[in-house]
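Letters A, B, ... mirror the listed sequences (proteins, then strands); counts begin at 1. Atoms considered below: every heavy atom in the structure, side chains included; atoms not considered: hydrogens, waters and symmetry mates. Just so we're clear, the structure is a prediction, and the values are computed from it rather than from any experiment.
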There are 2 protein chains.
Amino acid sequence: MTVPTTSTTVSKSQRAYTFLRERIEDGRFVPGYRLVLAQLAGELDMSVVPVREAIRRLEAEGMVTFERNVGAQVALIKETEYQHTMETLALVEGYATALSAPHLTGAQLDAAREVNERMRRCLADFDPHRFTELNLEFHAVLFEPCPNPHVLDLVHRGWRRMTVLRDSSFAFVPGRAQESVAEHDRILGLVADLQAGRATATDVELAARRHRTATLDAVLARQASRRPHPSEK
Amino acid sequence: MTVPTTSTTVSKSQRAYTFLRERIEDGRFVPGYRLVLAQLAGELDMSVVPVREAIRRLEAEGMVTFERNVGAQVALIKETEYQHTMETLALVEGYATALSAPHLTGAQLDAAREVNERMRRCLADFDPHRFTELNLEFHAVLFEPCPNPHVLDLVHRGWRRMTVLRDSSFAFVPGRAQESVAEHDRILGLVADLQAGRATATDVELAARRHRTATLDAVLARQASRRPHPSEK
DNA sequence: GTATCCCAGATGATATACGATCCTGCGACC
DNA sequence: GGTCGCAGGATCGTATATCATCTGGGATAC
């Protein structure tokens with residue numbers, strides 16, 4: 001008989017990978033948190049081999065740093081690296097937007113507008129967590145018809161790395177929320193213009209890119225204002 | 001004292017990774033070549049564990065596909081995937097060029113011009129291999145002062161994936177070589193213009209992007225002409 | 001003749017065990 | 001008092017062994 005206990009089709013290394021990624025993304029494992037192979041293996045009721053594999057995979061994605069004979073920890077991301085990651089994300093998001101724009105259906109555009117309206121209403125009783133969720137949803141709708149999965153993959157990697165930083169010092173800039181919603185409107189307008197032949201793909205791309213670089217600039221400006229004396233450690 | 005026997009500091013998994021990547025990149029392991037853990041472990045005189053890790057790392061980079069309980073093989077890349085990869089490479093290369101442009105010193109610009117001249121001379125007695133090498137060198141010089149290592153990392157990943165295809169059907173298009181050299185000239189001219197305030201970063205970026213998409217289009221066109229009846233397997 | 005089932009070989013996945021390396025703290029010596 | 005050196009523990013790195021799974025071929029039933 002051998003009832004296969006419902007779902008044996010997922011490997012242990014996969015389980016370990018999912019386990020770790022979940023905790024890193026939702027902030028339970030903050031940057032700098034040490035990942036000890038033997039300890040994790042015990043928690044997950046498996047040997048160290050699959051755990052090791054999972055950690056190496058996360059390392060390849062930039063979520064974890066791993067040093068030989070020393071150990072692994074959730075990646076600690078410095079300000080310059082954050083800046084570089086966000087610049088790259090701006091690049092690929094902008095491109096993804098331009099690629100998707102001509103393929104967006106009326107229904108998809110309406111859905112995106114609707115999400116953005118929810119974001120606007122969310123501005124009143126402001127909840128950063130909910131706002132971030134809606135923001136992700138907005139872009140997910142926008143990128144639905146993107147014909148280049150490679151670019152989307154890069155977008156998702158960028159997003160994931162960003163979430164590693166949730167609880168670090170590079171957090172949300174509340175003042176940006178309103179501008180974000182307005183910029184979304186503008187991007188949606190440009191998409192409609194593009195479909196009507198009144199705007200070029202480059203217009204859409206650069207607008208979408210600037211949308212994220214503006215957020216980045218705001219974060220960096222706040223960081224700078226928080227340490228008036230750069231001489232501090 | 002402790003002469004550390006020159007270099008014992010390299011792990012076996014690292015050695016296996018280098019070994020495999022070399023063979024994939026220089027074409028000894030062609031796309032589709034099966035990578036059997038036990039066999040490779042025998043060749044490398046190590047156990048399967050480090051080999052497995054190396055293969056998983058290559059999988060994360062897209063050089064290898066790995067299926068559970070079935071095995072690994074050098075990635076077989078379809079035409080659409082090739083197209084998507086190259087589009088992405090065009091995007092990041094264009095951006096990397098624009099980012100580097102304002103920081104290129106006179107010496108670096110001269111070096112780039114010199115490499116391009118060698119490419120031009122190479123057109124006479126044409127050797128695809130040498131031309132490709134020079135092409136890589138040209139871009140390496142161009143990206144030297146790029147301030148965003150993330151973007152450069154994406155460029156290098158794209159290049160590496162491209163080399164996987166060397167011996168597959170997506171090979172070199174000889175007719176493109178001349179245009180390539182001319183486009184390099186044009187890009188270098190735009191960089192100089194940018195530094196003199198006569199061109200914008202976007203001009204440089206889009207020109208560099210078009211440089212690669214033009215190559216892509218040429219490859220795809222040749223592919224299309226090679227199979228007049230798309231019904232063939 | 002064809003379809004199905006089953007078995008054996010090949011191969012990957014994981015567990016366990018041992019060795020190598022690095023970090024830490026303590027003590028001795030300058 | 002400071003610095004060097006030396007255990008000892010913690011942790012990773014790899015080898016070996018065993019289990020699980022897939023694949024392909026051949027026998028058998030229809």
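When rounded to the nearest whole Å, the span between CG of A:Leu44 and P of C:dT14 equals 12 Å. Between B:Arg68 atom CZ and D:dT23 atom C1' there is a gap of 16 Å when expressed in whole angstrom units. Rounding to whole angstrom units, CD of residue A:Glu53 and C1' of C:dT14 are separated by 10 Å. One interatomic measurement links the two molecules: CD of A:Gln73 to C1' of D:dC12, which rounds to 15 Å at whole-angstrom precision. In this structure, A:Phe66 atom CZ and D:dG13 atom C1' are separated by 9 Å, rounded to whole Å. Regarding A:Arg56, its CZ atom lies at a distance of 14 Å from the C1' atom of D:dT11, rounded to whole Å. Whole-Å rounding puts the B:Lys12 NZ to C:dG19 P distance at 14 Å. Remark: P of D:dC12 and CD of A:Gln39 are 10 Å apart, rounded to the nearest angstrom.
The terminal axes of the helix from C:dG1-D:dC30 to C:dC30-D:dG1, fitted over 5 pairs per end, subtend an angle of 10° to the nearest 10°.
In the set C:dT11, D:dT16, C:dA13, the nucleotide with an atom closest to the side chain of B:Val49 is D:dT16. Of the candidate nucleotides C:dT21, C:dT16, C:dA13, C:dT16 has the atom lying nearest to any side-chain atom of A:Ser47. In this structure, the nucleotide among D:dG13, C:dT11, D:dT16 sitting nearest to the side chain of B:Val36 is C:dT11. When each of C:dC23, C:dT14, C:dA13 is scored by its nearest atom to the side-chain atoms of A:Val70, the top-ranked nucleotide is C:dC23. Distances were taken from every side-chain heavy atom of A:Leu37 (C-beta onward) to each of D:dT14, C:dT14, D:dC12; the shortest belongs to D:dC12. The side chain of B:Asn69 sits closest to D:dT21 out of C:dT14, D:dG13, D:dT21.
Considering only residues two or more places apart in sequence or on other chains, A:Tyr95 meets the ring pair (Phe, Tyr, Trp, His ring centres under 6.0 Å) condition with none of them.
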Would you be so kind as to tabulate the donor-acceptor pairs closer than 3.5 Å made by side chains of residues 32-43 of chain A, with sequence neighbours excluded?
{"unit_1": "A:Arg34", "atom_1": "NH2", "unit_2": "A:Val70", "atom_2": "O", "d": "3.2"}

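With contacts defined as side-chain heavy-atom distances shorter than 4.5 Å, the pair A:His103/A:Glu144 does not qualify. For the pair A:Asn135/A:Met119, a side-chain contact is recorded, criterion being any heavy-atom separation below 4.5 Å from C-beta on. Using a 4.5 Å heavy-atom cutoff, the side chains of B:Glu59 and B:Arg56 are in contact.
Within the nucleic acid shown, B:Ile55 has no heavy atom closer than 4.0 Å to any nucleic acid atom.
Heavy-atom distances to DNA chain D give each of A:Glu67 and B:Glu67 a nearest nucleotide, and the one nearer the 5′ end belongs to A:Glu67.
Residues A:Glu61 and A:Arg157 are not paired through a salt bridge, judged by the lack of any N-O separation under 4.0 Å between the basic side chain and the carboxylate.
Here the NE2 atom belonging to A:His150 is positioned 9.0 Å from the OG1 atom belonging to B:Thr80, to the nearest 0.5 angstrom.
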